[in-house]
There are 2 protein chains.
Amino acid sequence: MELRQLRYFIKAKELQNFTEAAAQLFISQSTLSQQIKQLEDELGTPLFNRIGKHIYTTEAGNLFYSYALQCLNKANDGYQLLKDLSKLQTGTLVIGTSYGLRHILTPALVKFHQKYPKVVIQVLFGTSSEMIDRLCRFELDIVMTFDEVESRKELKYRPLFESTLGFIVTKDSPLAKKKSISLQEIKQLKLALPAKGFSTRNFVDEIFVQHQITPQVSLEINDIPTLLELVGTGHWNTILTNTSVSNQSHLVSVPISKVKNPQHAVLISLTDVYEKQAVKAFLKILSD
Amino acid sequence: MELRQLRYFIKAKELQNFTEAAAQLFISQSTLSQQIKQLEDELGTPLFNRIGKHIYTTEAGNLFYSYALQCLNKANDGYQLLKDLSKLQTGTLVIGTSYGLRHILTPALVKFHQKYPKVVIQVLFGTSSEMIDRLCRFELDIVMTFDEVESRKELKYRPLFESTLGFIVTKDSPLAKKKSISLQEIKQLKLALPAKGFSTRNFVDEIFVQHQITPQVSLEINDIPTLLELVGTGHWNTILTNTSVSNQSHLVSVPISKVKNPQHAVLISLTDVYEKQAVKAFLKILSD
DNA sequence: ATAATTGATCGTTATTACCGATTGGTTTAA
DNA sequence: TTAAACCAATCGGTAATAACGATCAATTAT
């Protein structure tokens, strides 16, 4: 049984006339006759009664018609779905992102959703190492994070922008008015930092190692909003990319002196893998 | 798009391996590769990501899979339907029935035979317990009888109609003119009853027990036509469903007073078992 | 009667599904 | 590092078959 035969059968049944059906199908009458016969042979029962020059469907033909239609419709639905997908009328976009990038993520999500409202978006915050693992396991379509030290060839890196680290304190703190703060000063203060694995944490650790300074890390946490809330209480200070506190009015970012610390925000995807239409569209919106 | 390609795609997607899929489909790997490629070209999007020696379905492939499956299932459903239907051209229908139901059985058999002349019909009269045993041993397709006290979950009961018991006497008997007869009067008379196991007998026994009356059962017999013949001699009387004597002009059924005795005629079949097309057709005819 | 219409059939052609062998890439084992 | 194993893609050739035109047989309309 082939879809071709079902298409022929349906047309023939609807027109009750092989010659006309063949014409509409742009095939010869003999071809239609043969293909119907072949289908009947496979099904083991006639689909048409041939009475003189007229044909009409048998009981079997009438019953089978409904299934043939449904079968063809399913095939067509699948076809249409993929055509829609290429026009982004459907599908899913799964984004992994660092918390420090949400200020560029959120407006991009809004724009994307306005343009492609039928695409379902999933956003996952997490550590960059965790997200890259997920990316390699095909659980994510794209990762937005700050770049890692090593670069892997199975990953494709698209730079977004640079951001510097800042020392985060409450607006009311005496430190809030300083124009800059040195690592030596920071060494005296209790820090709350993102847990190991976060790209910012990796970067902070690296800086302290470079300057041979051991900071007082009195709290580690793997949730940035909570970290910011804790810093807001005034009991801790932290170091984050400036962009992480851009919408936190009660917190202030003080530049760290004598430290070259630009972090590079990047988009990471898999190389040599078919890239979803939704990913392409999303990248286009981000780059605007 | 052809069903062949959908079949290939589904197998490849399920095994995530072209070589193995081709083997299971009994085609060469090159053929599978070509057909998948052809399908992808028609759909305008890759269905598989080819990364290294592994393949896995793209988003499009995953979405399309469901439709491909449904499409194939519809085709298969249609195929199965016609195979079932064609069995009505050759199959057998084995019916077990109580004697009391022959008045509805015979016209149904005639109609069924006119519609499906090639189906061989076997009819077996017997006790309901015997027939239900046979049904469970798959020796019968369907049983027509009066309902038993207990209902088993492996059996499916379809009610047909209700019938009452009557006291059967010859037309010439002085009792024939009575408008009703009480159990006390019956107690004085010699009875010929169907053998134990017949549903009517079970029901009659139960009624006597309920009224704490012991009847004079002077004859038991497991063949209803013979029983009726004996009753016709005037030496015995009996108790049967009224429908049993509906075509016996020399016998009369006298209602039994003060006894709630509707018997429920039912069709019994096995649950959770494939129901023959012939059975469905027969049920349809019966219900008309 | 005759012509027109229709589906089935026959012989042929064009297409294509299929195969085996090979290639090029990657992964695994030595 | 090299060799072996594995896998999908590709190529050229063959067998299967979808398609065609012509014709036949049957029915219907004129």
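Computed from a predicted model, the values in this text were never measured in an experiment.
- Rounded to a whole Å, the CD1 atom of B:Ile27 is 9 Å from the C1' atom of C:dC18.
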Give the C-alpha distance, both sets of side-chain angles, the deciding distance and a yes or no for side chain to side chain donor-acceptor pair (under 3.5 Å) between A:Asn242 and A:Ser163. CA-CA 7 Å; A:Asn242 295 329; A:Ser163 174; 5.2 Å; no
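- For A:Asp77, there are no salt bridge (Lys or Arg N to Asp or Glu O under 4.0 Å) partners at least two apart in sequence or on another chain.
- Listed by residue number, A:Tyr8, A:Phe26 are the residues of residues 7-26 of chain A with a heavy-atom contact under 4.0 Å to DNA chain D.
- No hydrogens or angles considered: nothing links the side chains of A:Arg201 and A:Thr127 as a donor-acceptor pair under 3.5 Å.
- Protein chain B contacts DNA chain D over a range whose 5' and 3' limits, counting nucleotides with an atom under 4.0 angstrom from a non-hydrogen atom, are D:dC6 to D:dC11.
- For DNA chain C, the residues of residues 28-41 of chain A within the heavy-atom distance limit of 4.0 Å (strictly under) are A:Gln29, A:Ser30, A:Ser33, A:Gln34, A:Lys37, sorted by number.
- Atom CD in B:Glu2 sits roughly 13 Å away from atom C1' in C:dT15 (whole-Å rounding).
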Would you tabulate the side-chain donor-acceptor contacts of residues 113-126 of chain A under 3.5 Å, counting partners in other chains and residues two or more places apart, or write 'none'?
none

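- Taking B:Thr57 as the reference, B:Asn62 meet the side chain to side chain donor-acceptor pair (under 3.5 Å) condition, with sequence neighbours excluded.
- Note: CD1 (B:Ile55) to P (C:dT26) measures 16 Å, nearest angstrom.
- Here the side chain of B:Glu42 pairs a donor or acceptor atom with the backbone of B:Met1 at under 3.5 angstrom.
- Under the ring pair (Phe, Tyr, Trp, His ring centres under 6.0 Å) criterion, B:Tyr65 pairs with no residue at all, not counting sequence neighbours.
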Return a table of donor-acceptor pairs under 3.5 angstrom between the side chains of residues 30-39 of chain B and protein atoms on other chains or two or more places apart.
from    : atom 1 : to      : atom 2 : distance (Å)
B:Ser30 : OG     : B:Ser28 : OG     : 3.1
B:Thr31 : OG1    : B:Ser28 : OG     : 2.9
B:Gln34 : NE2    : B:Ser30 : O      : 3.3
B:Gln35 : OE1    : B:Arg4  : NH1    : 2.7
B:Gln35 : OE1    : B:Gln5  : NE2    : 3.4

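- B:His54 places its NE2 atom 18 Å from the P atom of C:dG25, with the value rounded to the nearest Å.
- Between the axis at the start and the axis at the end of the helix from C:dA1-D:dT30 to C:dA30-D:dT1 there is an angle of 20°, using five pairs per end and rounding to 10 degrees.
- Taking 4.5 Å as the limit, some side-chain heavy atom of A:Phe146 sits within range of a side-chain heavy atom of A:Leu101.
- Sparse packing is recorded around NZ of A:Lys284, with 12 or fewer heavy atoms of other residues, nucleotides or ligands lying under 6.0 Å away.
- Every residue two or more places apart in sequence or in another chain was checked for a side-chain contact (heavy atoms from CB on, under 4.5 Å) with B:Pro107, and none qualifies.
- Considering only residues two or more places apart in sequence or on other chains, A:Phe161 meets the ring pair (Phe, Tyr, Trp, His ring centres under 6.0 Å) condition with A:His103.
- Within the structure, the ring pair (Phe, Tyr, Trp, His ring centres under 6.0 Å) test picks out the following pairs touching residues 13-63 of chain A (sequence neighbours left out): A:Phe9-A:Phe48, A:Phe18-A:Phe48.
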